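Step one of this worksheet: look at the structure below.
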Amino acid sequence: MSESELAINGGPPAKRKPFPDWPVYDDRELAAVTGVIKSRQWWRGNGSNVSEFEREFATYHGAGHALAVANGTQALELALMGMDIGRGDEVIVPASTFISTATAVLCVNAVPVLVDVDPETYCLDPKKVEAAITPRTRAILPVHMAGHLADMDELLDIARRHGLVILQDAAHAQGAEWKGRRIGALPANAIFSFQAFKLMTAGEGGLITSDDAEFIERCFLYGNCGRPKTDRTYQHTLLGSNCRMSELHASVLRVQLTRLDEQIERRRRNAVLLDRLLGEVPGLVPQGRDPRVTRNPHYMYMFRYDDAAFDGLPRQQLVDMLIAEGIPAFIAYLAIHRTPVFRDRTFGPRWRADDPLLPDYSHVSCPVAEDISDHVVWLHHRVLLGDEADVVELVDAIKKIRLHTQRVFA
Ligand SMILES: *Cc1c(COP(=O)(O)O)cnc(C)c1O
């Protein structure tokens, strides 16, 4: 371990060899894009990359059907509409997630009901889901946080008993498995994101998987201005928007999908080591692992930070110091009810703040989600794409900071 000056104070960074770059690409992505450009078929209406990508992604995930769209947020909105969720319906959403999980519900005129997450896995807590069900509840929207699946056994059981549907927010979970089954094969529709941080990317992109061909067809119509695939005479059949993915995006994503297995295996190996090494540092507790998650593709690497073990060093300073040491660290999501948009109900013209259907989100209490937003740090998943030495250097950087704070604050 280095005794040297902190990088934030001008010392040499603990991480000398940089982590692998993200996104990953080589000649195959370049050839794919060039091929589409030269073909002049840039639109899914006349190209074949989007439909091929849908087939390949669905097959890889064990799902019958897929619809590729422009981003994950639209995938959420289309899937909710395809499940016929609308005005006044309640959808149970974890209080700790990326904002789109909750705002997509509002965007289809339904009401997100925020429910707390499990303190180990940071995923929707089934025990608290049951208590939040009302006669208006229509759906549960679990998020597979950082690639760790929510407790699908319990959630599917609750849904069955109460006549609810489940939509999985699998924006972080390409390639994940629950008890040996790929998430597309679980009896619940799922959405994915291909935004630049995500485990496969074309800069932007989204996708819905399902075993229900009619549901996928409805989602297609909602995302294709209500226009059927074969229409040539502007026969728009329902109220929709344009959420189509371009051929250029799909061509890149088809190559990215072929990289997934090898990358997941590398991240898995490094995550096992990082769980062990970080777990040995006082004050750090990695996100828990449920053994029923038989394949965790590892999106962000999350751990809880107790500043008492670092002599009161604030989390933001730890993150700033880590970045200076060459470690891509970030602060976890703000709990949804603490974001200005939910706290103040600044939902725009779709929802007036005094709409009687809306709860007062400023009074929501979800202690675990709040604890996560106060104490959790996450690392970009590219820290898991290197070798063993990269993981050891990462932990050494944290130990260096801890040693230094103890000397400074002692
Ligand atoms: C990224 C993300 C989304 C939205 O995906 P975009 O493609 O960025 O619109 C939805 N849910 C979660 C949990 C996400 O992380």
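In each ligand, atom 1 is the first atom listed, and ligand 1 is the first ligand listed. Values below: every heavy atom of this structure, side chains too, minus hydrogens, waters and symmetry copies. Not measured: the values here are computed from a predicted model.
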> Say you draw a straight line from CD of Glu204 to CZ of Phe194; how long is it, rounded to the nearest 0.5 Å?
Replying inline: 12.0 Å
>> I'd like to know whether Gln263 forms a side chain to side chain donor-acceptor pair (under 3.5 Å) with His381, so could you lay out the CA-CA distance, the side-chain angles of the two residues, the decisive distance to 0.1 Å, and finally the verdict.
In response: CA-CA 10 Å; Gln263 291 175 342; His381 52 82; over 6 Å; no
> Taking non-hydrogen atoms only, is Ile191 closer than 4.0 angstrom to ligand 1 via side chain, backbone, both or neither?
Replying inline: neither
> Does Leu76, backbone or side chain, put an N or O under 3.5 Å from an N or O of ligand 1?
Replying inline: no
Below 3.5 Å, can you tabulate the donor-acceptor pairs from side chains in residues 31-40 to any protein atom, sequence neighbours excluded?
unit_1: Thr34; atom_1: OG1; unit_2: Leu30; atom_2: O; d: 2.5
unit_1: Ser39; atom_1: OG; unit_2: Val36; atom_2: O; d: 2.7
unit_1: Ser39; atom_1: OG; unit_2: Gln41; atom_2: N; d: 3.0

> Can you say whether the rings of Tyr361 and Phe347 are parallel (under 30°), tilted (30 to 60°) or perpendicular (over 60°)?
Replying inline: perpendicular
> Is Arg304 reaching over with its side chain to a backbone N or O of Val285, donor-acceptor style, under 3.5 angstrom?
Replying inline: no
>> So if I count the atoms of ligand 1 from 1 in the order they appear, which ones are less than 4.0 Å from some heavy atom of Thr97?
In response: 13 (C)
> In terms of atom number and element, which parts of ligand 1 are under 4.0 angstrom from non-hydrogen atoms of Asp169?
Replying inline: 10 (C), 11 (N), 12 (C), 13 (C)
> Where is the nearest protein heavy atom to atom 14 (C) of ligand 1: which residue, which atom, and how far?
Replying inline: Lys198 NZ, 3.2 Å
>> I need the Tyr333 OH to Ile372 CD1 distance, nearest 0.5 Å.
In response: 11.5 Å
> Which of the numbered atoms in ligand 1 are below 4.0 angstrom from a heavy atom of Gln195?
Replying inline: 7 (O), 8 (O)
>> I need the Asn109 CG to Ile85 CD1 distance, nearest 0.5 Å.
In response: 12.5 Å
>> Under 4.0 Å, heavy-atom basis, I'd like to know which part of Asn71 is in contact with ligand 1: side chain, backbone, both or neither.
In response: both
> Should you measure from each heavy atom of Gly205, which atoms of ligand 1 turn up under 4.0 Å away?
Replying inline: 7 (O)
>> Tell me which one of Tyr299, Tyr122, Phe192, Phe98 satisfies ring pair (Phe, Tyr, Trp, His ring centres under 6.0 Å) with His172.
In response: Tyr299
> Going by the atom numbers of ligand 1, which of them fall below 4.0 Å from some non-hydrogen atom of Tyr333?
Replying inline: 15 (O)
>> Is the contact between His172 and ligand 1 made by the side chain, the backbone, both, or neither, using heavy atoms and a 4.0 Å cut-off?
In response: side chain
>> Which of the numbered atoms in ligand 1 are under 4.0 angstrom from any heavy atom belonging to Ser193?
In response: 1 (C), 5 (O), 6 (P), 7 (O), 8 (O)
> For ligand 1, does Thr73 get within less than 4.0 Å through its side chain, its backbone, both, or neither, judged by non-hydrogen atoms?
Replying inline: both
> Relative to ligand 1, is Phe192 under 4.0 angstrom through side chain, backbone, both or neither, heavy atoms considered?
Replying inline: neither
>> Checking Asp169 against Thr101: is there a side-chain donor and acceptor pair closer than 3.5 Å?
In response: yes
